[in-house]
Amino acid sequence: MSHFQRPTGTLDILPEEQPYWRHVRAHATRLAERAGFERLDVPVFESTDLFARGIGTGTDIVEKEMYTFCDKGDNSLTLRPEFTAGVVRAYIENGMHVRPQPVKLYSTGPIFRYERPQAGRYRQHTQFNLEILGAQDPAADLEIMLLIADIYAGLGFENLSFQLNSTGCPACKPGYVAILQDYYQHYRDQVCDDCQRRLEQNPLRVLDCKAEQCQPIIANAPHIVEHLCDECRGHFALLREYLDLLKRPYKLNHRLVRGLDYYTKTVFEVWAGGIGAQSAVCGGGRYDGLAQALDGPPTPGVGVAAGLERIILVMKAQGVKVPPLPAPAVFVACVGEKARPAAVQLTDELRQAGVATWLAFEQRGLRSQMREANKRGASYTVILGEDELARGVGAVRNMHSGEQATVDLAELTAWIQHRTAA
RNA sequence: GUGGGUGUGGCCUAAAGGCAAGGCACCUGGUUGUGGCCCAGGCGAUUGUGGGUUCGAAUCCCACCACUCACCCCA
């Protein structure tokens, strides 16, 4: 065996896996476009500085997870560790703020983060991403959440848990952080080492600590929703009112804080069971300060990113069926060198007519070719040998019933077309 | 970055210090030109890599690599 292996944390997606991928992508794309989202493709790599400034220099992603390299022009570039920063950059750079607002965009493709792989986590994974730029209305937050919920529902998912919280804005978040830090003062020597560090660097993160000794302290910690400013409180109340109106269940999770700096107001995740410890199948929220942080015009935004590998894990765990790979409609077998030109010609003719056709290569026994036709799941096998050539016909065998007919070569394509039309 | 588990043909699984065995898959034949079931044969492994112990290592020891699960964190 070759000593070449795929890089750690990457995936080969084999042909037999593709039905899942095709189905998820087609479904998500269809629903996104139905809701007025347009596709935006952004580069796989961007200036390192874009992500550092967009995501935040104190975050794990920027601190230790980026694939950063220097190109020959001595520019520091980074393989995108998420979509949002690139999408907002594209919005600003292409002057999309002069289009009718808001702009609703979807993107899909590979994302790169240098992490230790585990169930549902890879160094290269694939996201389906939605963003609404230029809308402050909580109805935009709602629309993102509804769309993502509809995508999961349409895939047949059950038992998903929607987790919702608000993390405030620059006007109220610092006040809450101070209150939280103040509360933790009393328990400084009781919390885990990680939380001692978090209290200095990223205080909100103490809330989703899983260490045993921190649980009772978290349970009694003040809730951010009780310390929001008027604007944030109103926004959050309206969003929840809409969700209730539409009878969309969600769980208010005071401990939900996300790892990226740019989030303001709404944050949410969707959790699925049965796929290991990495159970979030999507995560998102509002980022009203991001465009400005990237030197663009002040532009509110809200979005979500869904991980396709995890979605496919859920599909498998829940036994969701997907359309199978298409099998060839016709297998062209040929006996004897003299029949080959006719076989090649017939194959081309069938394909030009839109019939999925497989041609047997090499000179092999008919038995072997029939076996191959069977294994490939062909509906019909056309046998071309010297007998048939002499009479200008092909022997056409129905591989399901075993019936065999003799058909004029001139009419064969139409004959097959007629019988294989969906 | 930390910790646990696992590495034997393409895939699955035996061999517990003494000839690396079997199943699936693949190829060929049993039928001069007819698939699925059956039967026969064949191809295919320096046992993840490198060292060490031993007369002898898939097996014991060490290191590295990879996979995997979990922590951290996240899709």
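Order of the sequence lines fixes the chain letters, A, B, ..., with proteins taken first and strands second; residue numbering starts at 1 for each chain. Treat the numbers as computed from the prediction; the structure is a model and nothing was measured. Worth knowing before you read on, the calculation uses all heavy atoms, side chains too, and leaves out hydrogens, waters and symmetry mates.
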Does [X] have any side-chain contact (heavy atoms from CB on, under 4.5 Å) partners at least two apart in sequence or in another chain, and if so, which?
X	result
A:A353	A:T413, A:Q417
A:E309	A:L11, A:W21, A:Y122, A:H125, A:T126
A:P174	none

What pairs with A:R205 under salt bridge (Lys or Arg N to Asp or Glu O under 4.0 Å), at least two apart in sequence or on another chain?
A:D208
N-O pairing of [X] and [Y] below 4.0 Å:
X	Y	answer
A:E82	A:R113	no
A:D408	A:R391	no
A:E269	A:R255	no
A:R351	A:D348	no
A:E46	A:R89	yes

Donor-acceptor pair under 3.5 Å: do we get one between [X]'s side chain and the base of [N]?
X	N	answer
A:R121	B:C73	yes
A:R397	B:G35	yes
A:E388	B:G33	yes
A:Q118	B:C72	yes

By nearest heavy atom, map A:A119 and A:G283 onto RNA chain B; which one lands nearer the 5' end?
A:A119
Categorize [X] for me: base, sugar-phosphate, or nothing, with a 4.0 angstrom heavy-atom threshold over every strand shown.
X	answer
A:R197	nothing
A:N129	nothing
A:T381	nothing

Tell me, which of [range] have any heavy atom that sits under 4.0 Å from an atom in RNA chain B?
range	answer
residues 10-37 of chain A	none
residues 302-339 of chain A	A:A305, A:G307, A:R310
residues 355-376 of chain A	A:R364, A:L366, A:R367, A:S368, A:M370, A:R371, A:N374, A:K375
residues 268-282 of chain A	A:G276, A:A277, A:Q278, A:A280, A:V281, A:C282

Matching residue for A:E372 among A:Q369, A:K375, A:R376 - test: side chain to side chain donor-acceptor pair (under 3.5 Å)
A:R376
Going by side chain to side chain donor-acceptor pair (under 3.5 Å), A:R286 matches just one of A:T264, A:T266, A:D141. Which one?
A:D141
Report the residues that fulfil ring pair (Phe, Tyr, Trp, His ring centres under 6.0 Å) with A:F157, sequence neighbours left out, ordered by chain and then residue number.
A:Y152
Return the set of residues passing ring pair (Phe, Tyr, Trp, His ring centres under 6.0 Å) with A:Y263 (not counting sequence neighbours), or none when no residue passes.
none
At less than 4.0 Å, is any side-chain N or O atom of A:R113 found next to OP1 or OP2 of B:A75? Yes or no.
yes
With a cut-off of less than 4.0 Å, is there a side-chain N or O of A:K210 near OP1 or OP2 of B:C72?
yes
Will you find, in the side chains of A:E131 and A:Y91, an N or O donor that is under 3.5 Å from an N or O acceptor?
no
What's touching nucleotides 47-49 of chain B from the protein side, N or O pairs under 3.5 Å?
none

Whole-Å P distance, B:C61 and B:U2:
23 Å
If we take the C1' atom in both B:C72 and B:G3, what is their distance in whole Å?
12 Å
Rounded distance [0.5 Å steps], CZ in A:R310 versus SG in A:C282:
10.5 Å
In this structure, which stretches of RNA chain B are paired as stems of three or more consecutive Watson-Crick or G-U pairs, both distances less than 3.5 Å?
B:1-7 with B:65-71, B:10-13 with B:21-24, B:26-30 with B:38-42, B:48-52 with B:60-64
If you draw a 6.0 Å radius around OH in A:Y114, do more than 12 non-hydrogen atoms from other residues or ligands fall strictly inside?
no
